[in-house]
Amino acid sequence: MIAIGSDHGGFELKEHIKRHLAERGLEVKDYGTHSEESVDYPDCAAPVCKAVLSGEAERGILICGTGIGISIAANKFDGIRAALCSDVYSALMAKQHNDANILCLGGRVTGRELAFMIADTWLDAEFLGGRHAARIEKIHDIEKQ
Ligand code: RB5
């Protein structure tokens, strides 16, 4: 299952991504927000991060206006590697090299079709492990400090 969430700035893109992923046959759970009424992005990041950390969701997608605030908030969770991507190459690397378990997008930055390509690329990619795994371990070491 893929957990998805946004604030009001990412609401419209979230709805499009949700539909796109469902059309691909993927199971998606929407953790809100459910309208364009103003909300605070840390509150929107938390339930998606918790779903990923608990194993309820395999991966998460978070969207705010720029993707910046919601990625900063998500990365405060121990074990979350949230990658803000606005291009396809970064989306591929985010999984292959960084094993990002959350993809962040900017609803006011990235157009719908590009966002679909970014999400598809990240979802279809696999972590390469090896030297990259050792680097992720170093991130875990920092989290323990
Ligand atoms: C909300 O106006 C906006 O600040 C938020 O969506 C996000 O862009 C913050 O980083």
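First listed ligand is number 1; within each ligand, the first listed atom is number 1. The figures that follow rest on heavy atoms only: side chains count, while hydrogens, waters and symmetry mates do not.
- Using cut-offs of 30° and 60° for the angle between ring planes, the H16 and F116 rings count as perpendicular.
- No more than 12 heavy atoms of other residues, nucleotides or ligands lie within 6.0 Å of CE in M117, so this atom counts as exposed by the packing criterion.
- Ion pairing of K138 with D141 is absent here, as no side-chain N (NZ or NE/NH1/NH2) approaches a carboxylate O to less than 4.0 Å.
- I70 contributes atom CD1, which lies 10.5 Å from atom CG of L105 (distance to the nearest 0.5 angstrom).
- Within a 6.0 Å sphere centred on NZ of K18, heavy atoms belonging to other residues, nucleotides or ligands number more than 12.
- For H34, the side-chain contact (heavy atoms from CB on, under 4.5 Å) partners at least two apart in sequence or on another chain are D30.
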Between ligand 1 and the protein, tabulate every N or O atom pair separated by less than 3.5 Å, reporting distance only.
{"residue": "ligand 1", "atom": "2 (O)", "partner": "R108", "partner atom": "NH1", "Å": "3.3"}
{"residue": "ligand 1", "atom": "6 (O)", "partner": "D7", "partner atom": "OD1", "Å": "3.4"}
{"residue": "ligand 1", "atom": "6 (O)", "partner": "D7", "partner atom": "OD2", "Å": "2.6"}
{"residue": "ligand 1", "atom": "6 (O)", "partner": "G65", "partner atom": "N", "Å": "2.7"}
{"residue": "ligand 1", "atom": "8 (O)", "partner": "G65", "partner atom": "N", "Å": "3.3"}
{"residue": "ligand 1", "atom": "8 (O)", "partner": "T66", "partner atom": "N", "Å": "2.9"}
{"residue": "ligand 1", "atom": "8 (O)", "partner": "T66", "partner atom": "OG1", "Å": "3.2"}
{"residue": "ligand 1", "atom": "10 (O)", "partner": "T66", "partner atom": "OG1", "Å": "3.3"}
{"residue": "ligand 1", "atom": "10 (O)", "partner": "G69", "partner atom": "N", "Å": "2.8"}

